[in-house]
Protein chains: 2
Amino acid sequence: MSAAGARPVSIFDVAKRAGVSHQTVSRVINDAPQVADATRAKVKAAISELGYRPNRSARTLAGGAVRSVTVFTFDTALYGTAETLRGIEDGAAAAGFTVLISVLDPDQTYTDDDILSRLSHDGAPAIVIAHDDTTTRARRILREARPGAVVATGDDKLSREPDAADWLVSLDDRAVAERATRYLLSMGHRTVHYLAMPGRARRQDGWADALAEVGVEAPEPVQSGWTIGSAAEAAAALVADPDVTAIMCGNDDLAFGVLHAAHRAGRSIPGDLSVVGCDDSPLAAFNVPPLTTIDLDFRGVGRGAFELLHAKLEGRERPRPVWRSPELLVRETSGPPRH
Amino acid sequence: MSAAGARPVSIFDVAKRAGVSHQTVSRVINDAPQVADATRAKVKAAISELGYRPNRSARTLAGGAVRSVTVFTFDTALYGTAETLRGIEDGAAAAGFTVLISVLDPDQTYTDDDILSRLSHDGAPAIVIAHDDTTTRARRILREARPGAVVATGDDKLSREPDAADWLVSLDDRAVAERATRYLLSMGHRTVHYLAMPGRARRQDGWADALAEVGVEAPEPVQSGWTIGSAAEAAAALVADPDVTAIMCGNDDLAFGVLHAAHRAGRSIPGDLSVVGCDDSPLAAFNVPPLTTIDLDFRGVGRGAFELLHAKLEGRERPRPVWRSPELLVRETSGPPRH
DNA sequence: CGCTCGAACGTTAGCGCTAACGGCCCTTTC
DNA sequence: GAAAGGGCCGTTAGCGCTAACGTTCGAGCG
């Protein structure tokens, strides 16, 4: 244990104590072969006696294996991004990686340089959780600068790019929204309205596709912001309309906003109005009434994103996805229309 | 702009281009005085022409000013910790700091070395968001190793330590819970029950103190986990008891769990049962019915934590707190008891 | 007019680590 | 029994930056 203030113990201190060269110590801490067992044991003993811990900056500088990722996101507090981040952290911790966070303000415009200088060094690996325009732009900038070391999650409009398979880790948001919409249609609703969050274009596509399939013209989607309050406001007119019997929401938070607005408008759930969310956030199952939604494994996606990045860095094959597949959870905010 | 794959531009490349020494470039990027305006301009031009961006690892290694913080937390997805993290990130970004995340698993036991080796280098600064035993332990380990560079938020049992003022950034959780309990008492409830989350001992203290003030013996607090589900389960017996008319919850998530359990038990809110949360999470205002709770400015606390750390690193005075003071928000889950 | 002094730079020496290479010694092989 | 081959370890040279000290040169002074 190095005393506070004193110069931290370095690889040379360990080397002297163990009676070997500093390079041998380096070999031991990097699990390199070519070290005799006896020597290895001696070095490890010296390491723990002195409380030596490698300096990550020095390792990075000296050009060893990469051991950090920078995660770009626009909000660490939203359920989806928070869980994705958590998944990334899980994977990173298991691999001995350090995770750096860089939060991008959606209302700000960043230059290429603004984005790139947030990396710990030129060409450092990054994961972008892209759900809005700002993060999508950041993703493009980063990928241009370092195609081999940047992956992304999310489902913005640009995920349709041809090479997306190479760097995108994502659930099939289109299919997910399509399934939920079909479910509502199957309950007998004439049509389904859509409350859209910023970005996430593919969910909206899925909703539109499901309607097109049965020959129903899609009503104009209603645009909401990311907050519950903005959803309640955006949905006010929708819930006031007695002809509206089913609303599909971009995510659970928006659905809670709709539920709130519906309550204020005096409409009963699910009798007058069916509401379906997306994400299965922690509250969905415990809301009163419990929210019908789709379980999305964001944490798994985050882990998958890290693993893809890790594989790319080590030149390995793309690993197989490891997340749960989405599942429609029918609870108590949806049902057949009354009339 | 450095081409992908090619060696990134260094301070020497800039120096050559500008016709100065590398040290002059260093002075320019560090805003040091002693550089003629004309030279400074020349160097800045070279920097932008070449797309030079300083290597953070090299700067750290060379012993320049500290430019990163490691944040220790046990869950990045919980509302309180997520918002605190966000506040830290805000402050850090403004000061040009890099934020590293280190998530600690509450179910795991870490050695001193496990914790310390998560820092980017020996003695790197850290902020601990301490709400449970694991993070509290981490806080102690880190502070012992580097008292000058570790601050914490949260309100665990150990925040009563004598020197806490020096490193703790925290809301007065005791007063907050006391105020909420007093409010319930003032509505005519004979007593108030408490649903406790892990850690956060001071909130429980505040509740107990409020009861003691009016000479009511505090009922046994009910212990919950962090999840809404665990709260619903833990509160099942409580809500089934018709003598229980008011429950104070450790945070909003627990309150949602109680609301859910109460609904299942067929008790009406707030007629049969008053429920008060704590945190004012985004959903509280939009829940049906809207949740009575206390607004806590976690983001402000996070910013305050970063600013305290920053001040310590630069040897400045402790800055004044900058967060909103807590406020009781009486909404629709609380009221006078029916009988 | 020589001197001091300070502004404005340059030079040198590390920070702690890894890569690359070199050297020693003990086997193995024909 | 000499050559070839490895296993094991040491030496050297950086990575990109900053700290500390040196140097130059012109202004200001008596």
Side-chain angles (χ1 to χ4, degrees), chain A residues 2 6-44 46-47 50-68 96 98 117 119-124, chain B residues 2 6-44 46-47 50-68 96 98 117 119-124:
Chain A
S2 65
R7 145 105 62 113
V9 316
S10 80
I11 207 172
F12 286 90
D13 301 322
V14 176
K16 195 198 279 180
R17 174 95 165 209
V20 298
S21 77
H22 74 278
Q23 177 62 356
T24 298
V25 177
S26 171
R27 288 191 185 103
V28 170
I29 63 178
N30 286 301
D31 277 323
Q34 313 266 68
V35 179
D37 288 347
T39 311
R40 192 180 296 274
K42 235 179 357 183
V43 172
K44 287 197 168 172
I47 286 176
L50 296 174
Y52 165 74
R53 261 159 285 113
N55 182 315
R56 291 181 191 255
S57 300
R59 292 180 117 172
T60 306
L61 224 212
V66 182
R67 285 196 187 75
S68 68
T98 292
S117 58
L119 293 172
S120 65
H121 60 98
D122 229 332
Chain B
S2 67
R7 145 102 65 110
V9 318
S10 81
I11 207 173
F12 285 91
D13 302 322
V14 176
K16 195 199 277 181
R17 174 95 167 212
V20 297
S21 77
H22 74 278
Q23 177 62 353
T24 298
V25 177
S26 170
R27 288 190 184 102
V28 170
I29 62 178
N30 287 300
D31 278 323
Q34 312 265 67
V35 180
D37 288 347
T39 311
R40 192 180 295 274
K42 235 181 353 183
V43 171
K44 287 198 167 170
I47 287 177
L50 296 175
Y52 165 75
R53 260 159 286 113
N55 182 316
R56 291 181 192 254
S57 299
R59 291 181 118 173
T60 306
L61 225 212
V66 181
R67 286 196 185 74
S68 68
T98 292
S117 59
L119 295 172
S120 65
H121 61 98
D122 229 333

Using the test salt bridge (charged side-chain N to carboxylate O under 4.0 Å, His left out), find all partners of A/Arg40 that sit at least two apart in sequence or belong to another chain.
none

Say you draw a straight line from OG1 of B/Thr60 to CG of A/Asn55; how long is it, rounded to the nearest 0.5 Å?
8.0 Å

With nearest nucleotide decided by heavy atoms, which residue, B/Ala62 or A/Val25, maps closer to the 5′ end of DNA chain C?
B/Ala62

What one should report as the nearest heavy-atom pair of B/Val25 and B/Ile11 is CG1-CG1, 3.4 Å

Going by atom type alone, with no hydrogens or angles, which donor-acceptor pairs under 3.5 Å involve a side-chain atom of residues 31-39 of chain A and a protein atom two or more places apart or on another chain?
none

Quick one: which protein N/O atoms are closer than 3.5 Å to N/O atoms of nucleotides 7-9 of chain C? Pair and distance per line, please.
from: C/dC9; atom 1: OP1; to: B/Thr39; atom 2: OG1; distance (Å): 2.7
from: C/dC9; atom 1: OP2; to: B/Ala36; atom 2: N; distance (Å): 2.5
from: C/dC9; atom 1: OP2; to: B/Thr39; atom 2: OG1; distance (Å): 3.0
from: C/dC9; atom 1: N4; to: B/Arg27; atom 2: NH2; distance (Å): 3.4

With [X], which residues qualify under side chain to side chain contact (heavy atoms under 4.5 Å, CB included), at least two apart?
X	value
A/Thr98	A/Arg56, A/Ser68, A/Leu100, B/Leu100
A/Ala62	none
A/Lys16	none

Quick one: bend of the helix from C/dC1-D/dG30 to C/dC30-D/dG1 from 5 pairs per end, to 10°?
40°

Mind checking side chain to side chain donor-acceptor pair (under 3.5 Å) for A/Ser21 and listing every partner two or more places apart, or none if nothing turns up?
A/Thr24

Quick one: side chain to side chain donor-acceptor pair (under 3.5 Å) partners of A/Arg27, sequence neighbours excluded?
none

Rounding to an integer number of Å, can you tell me how far A/Gln23 CD sits from C/dA20 P?
11 Å

Base, sugar-phosphate or nothing for B/His121? Non-hydrogen atoms, less than 4.0 Å.
nothing

Give me the first and last nucleotide of DNA chain D, going 5' to 3', that has any atom under 4.0 Å from a heavy atom of chain B.
D/dC15 to D/dA20

Please collect all ring pair (Phe, Tyr, Trp, His ring centres under 6.0 Å) contacts where either partner lies in residues 6-30 of chain A, sequence neighbours excluded, each pair once.
A/Phe12-A/His22

